[in-house]
Every structure is written in C-alpha cells, then in structure tokens.
Amino acid sequence: YQLTEELTRDAFWNKYHPGCSEHYVLHQFRDRSEFVPELDYVTEDAGQILAHIMYARAEIQLDTGGVLPLVVFGPVSVRPDRQGEGIGSAIIRHTMEQAKRMGFGAVAITGNPEYYKRFGFVSGHSMGIYYGETPRTEEVPFFLVRELIPGYLKDVSGTYFDPAGYQVSQQDVDEFDRRFPPREKLRLPGQLE
C-alpha cells in the first residue's frame with residue numbers, strides 16, 4: 001500500500017494544482033465499504049511498480065426511484081518516467097474487463113474526455129446520467145460513463161454522485177502528506193486551480 005501511495009503522489013504532484021491529494025484518497029479508500037479490493041491492481045516490471053488503479057462501488061440515483069449500481073475508477077497512476085508508454089491504457093483495459101467479469105454493468109469516471117474516449121467512454125449527459133448537483137441543463141464535460149455490459153444504461157435517467165471517499169479536506173491531506181519526504185508545491189501553467 002505504501003508503494004502505491006508513493007507512486008500516486010509522484011504521478012499527480014503539481015499536476016492539477018500545487019501538491020496533490022490523490023495519494024490520500026487512495027489511502028483512506030481502502031478502509032471504506034465502497035472499495036473493491038478485487039480491482040486494486042498494479043503493473044510491475046523487474047520488481048518495480050509502474051502503475052496502479054483503484055475502483056470503488058458507486059450508484060446512479062434513478063429518476064424513477066431506486067439506484068443502479070456501477071463502479072468508478074481512479075486514481076490511475078503511472079510512474080512519471082514511464083508515462084506515455086501505454087502502461088496506463090493497459091491497466092485500464094484489463095481492469096475494466098475484470099469488472100465486467102465480476103458483473104459490474106458500467107463504469108463512471110471524472111477525467112479528460114479526449115483521453116478516455118479511446119476506451120469507449122462517452123459523456124454522462126449524453127446518456128441521460130447527470131453529475132451531482134449540477135443543473136441538468138449544463139453538461140459536465142469531465143463526467144464520463146461506459147457500459148461494460150451492452151444495454152446496461154439503456155433508458156436510464158438519473159444522477160450520479162461520486163462516492164464520499166473522493167471528497168477530502170486539505171487539512172487531512174496536509175497531515176497525511178507529512179509521512180512522505182517534503183516536496184515543493186508549485187503553481188504551474190495548465191493546472192486546474
């Protein structure tokens with residue numbers, strides 16, 4: 001677990017904002033009921049961990065009442081010096097196939113649409129699945145879904161909320177980050193915040 005947390009920290013440090021929180025999300029999810037340990041995978045080469053992916057159970061709150069279960073993945077981490085080699089793509093494809101074999105009908109993510117469309121992801125909005133508290137008239141471009149079982153999302157209309165484990169406080173992240181060697185938090189061009 002420590003090695004995958006270090007890998008995740010390295011992969012996301014200063015990527016979206018100064019520092020990162022993904023390693024803490026990963027750490028605390030392992031104690032949550034939504035965590036799917038059977039889909040917690042690493043890719044190794046010569047005894048070195050190159051990539052890691054984590055999945056959690058989630059659900060769509062249906063407009064007709066009830067819920068429709070699915071999974072969400074992330075963070076997906078690839079060692080910075082090995083990014084761009086297809087390692088991340090391979091672990092995503094492999095684990096989505098494993099999720100399908102386990103009977104999960106669909107997967108949701110929040111991520112870059114240009115990257116994830118190669119895996120068959122489409123806008124949740126285009127499928128009648130809306131993201132959180134966002135008004136339904138507004139498309140959320142980073143909220144994406146993919147059927148694992150054909151027809152699983154047919155005629156579905158509802159709202160998806162990220163599992164609570166994805167929401168973390170900066171104070172908790174900073175406290176957890178003290179377990180790792182100090183690194184400089186930088187504001188860089190292209191960050192989201």
Side-chain angles (χ1 to χ4, degrees), residues 1-43 49-61 69-80 82-83 87-89 91-92 94-96 98-99 102 104 106-113 115-116 119 121 124 131-134 140-146 159-188 190-193:
Y1 284 178
Q2 178 69 28
L3 292 175
T4 57
E5 290 162 11
E6 289 172 6
L7 168 71
T8 300
R9 185 176 187 249
D10 288 344
F12 286 94
W13 194 259
N14 291 330
K15 185 170 184 169
Y16 297 117
H17 55 83
C20 72
S21 61
E22 287 82 359
H23 59 310
Y24 179 64
V25 168
L26 172 61
H27 174 79
Q28 60 88 36
F29 242 113
R30 290 183 171 125
D31 291 329
R32 297 187 61 86
S33 61
E34 301 98 333
F35 178 63
V36 184
E38 301 88 349
L39 294 174
D40 188 37
Y41 271 78
V42 296
T43 300
I49 296 176
L50 303 182
H52 173 263
I53 193 169
M54 180 207 86
Y55 280 71
R57 287 175 183 82
E59 58 191 27
I60 299 166
Q61 295 177 2
L70 72 163
V71 287
V72 56
F73 68 72
V76 180
S77 309
V78 178
R79 211 169 83 180
R82 299 294 300 268
Q83 292 176 3
I87 298 167
S89 294
I91 200 169
I92 290 168
H94 177 77
T95 55
M96 284 197 306
Q98 293 300 108
M102 290 174 67
F104 290 107
V107 61
I109 57 164
T110 54
N112 180 337
Y115 179 77
Y116 285 106
F119 303 105
F121 283 91
Y131 186 72
E133 300 295 331
T134 306
V140 179
F142 60 82
F143 172 59
L144 308 165
V145 295
R146 181 186 188 275
T159 305
Y160 168 86
F161 293 91
D162 285 318
Y166 283 106
Q167 286 80 48
V168 295
S169 76
Q170 190 60 51
Q171 181 180 346
D172 290 344
V173 171
D174 291 342
E175 184 175 323
F176 177 70
D177 205 47
R178 289 189 188 104
R179 300 180 185 188
F180 298 84
R183 293 181 88 167
E184 186 177 5
K185 293 181 179 183
L186 299 173
R187 170 122 351 250
L188 300 172
Q191 290 176 337
L192 300 176
E193 301 173 6

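With values rounded to the nearest 0.5 angstrom, Asp177 atom CG is found 6.5 Å from Cys20 atom SG. Distance CZ/Phe121 to CE/Met96: 5.0 Å, rounded to 0.5 Å. Rounded to the nearest 0.5 angstrom, Ile60 CD1 and Leu70 CG are separated by 5.0 Å. The structure places CD1 of Ile87 at 4.5 Å from CG of Leu50, a figure rounded to the nearest 0.5 Å.
Here the side chains of Leu39 and Ile53 are not in contact, with every heavy-atom distance at 4.5 Å or above. Taking 4.5 Å as the limit, some side-chain heavy atom of Met102 sits within range of a side-chain heavy atom of Val36. Within the 4.5 Å cutoff, the side chain of Pro163 has no heavy atoms near those of the Arg57 side chain. Side-chain contact between His52 and Leu26 is present, with heavy atoms from C-beta onward closer than 4.5 Å. When side chains are defined from C-beta on, Val72 does not count as touching Glu34, because their heavy atoms never get closer than 4.5 Å. Between Tyr115 and Leu144, every side-chain heavy-atom pair lies at or beyond the 4.5 Å cut-off.
With sequence neighbours excluded, the residues satisfying side chain to side chain contact (heavy atoms under 4.5 Å, CB included) with Asp162 are Thr110, Tyr131, Tyr160, Tyr166, Gln167. In terms of the side-chain hydrogen bond (donor to acceptor under 3.5 Å, both in side chains) criterion, residue partners of Thr8 (sequence neighbours excluded) are, by chain and number, Ser77. For Arg183, the side-chain hydrogen bond (donor to acceptor under 3.5 Å, both in side chains) test picks out Asp10, with sequence neighbours left out. Residues satisfying the side-chain hydrogen bond (donor to acceptor under 3.5 Å, both in side chains) criterion with Arg79, sequence neighbours excluded, are Asp81. Legend: residues meeting salt bridge (charged side-chain N to carboxylate O under 4.0 Å, His left out) with Glu6, ordered by chain and number and at least two apart, are absent. For Lys15, the salt bridge (charged side-chain N to carboxylate O under 4.0 Å, His left out) criterion is met by no residue, not counting sequence neighbours. Every residue meeting the side chain to side chain contact (heavy atoms under 4.5 Å, CB included) condition with Phe161, not counting sequence neighbours, appears here in chain and number order: Gln61, Glu133, Thr159. In this view, Leu186 and Asn14, Glu184, Leu188 satisfy the side chain to side chain contact (heavy atoms under 4.5 Å, CB included) rule, not counting sequence neighbours. For Phe176, the ring-ring contact (aromatic ring centres under 6.0 Å, His included) partners two or more places apart in sequence, or in a different chain, are His23, Tyr24, His27, Phe180. Taking Glu5 as the reference, Arg30 meet the salt bridge (charged side-chain N to carboxylate O under 4.0 Å, His left out) condition, with sequence neighbours excluded. Take Arg82 and apply the salt bridge (charged side-chain N to carboxylate O under 4.0 Å, His left out) test, not counting sequence neighbours, and it matches Asp45, Glu85. With sequence neighbours excluded, no residue forms a side chain to side chain contact (heavy atoms under 4.5 Å, CB included) with Ser33.
The aromatic rings of Tyr116 and Phe119 lie tilted to each other, with the angle between the two planes from 30° to 60°.
Among all heavy-atom pairs drawn from Val25 and Gly165, the shortest one is CG1-O, 4.0 Å. Shown here for Pro18 and Lys185, the closest heavy-atom pair between the two residues is CB-CB, 3.8 Å. The minimum heavy-atom distance linking Ser21 with Val173 is given by the pair CB-CG2, 3.7 Å. The two atoms that bring Phe143 and Ala108 nearest to each other are CE1-CB, 4.0 Å, heavy atoms only.
For the pairing with Tyr55, the ring pair (Phe, Tyr, Trp, His ring centres under 6.0 Å) check across Phe73, Phe29, Tyr41 returns one residue only, Phe73.
Taking a 6.0 Å sphere around CD of Glu175, one finds it holds 12 or fewer heavy atoms contributed by other residues, nucleotides or ligands.
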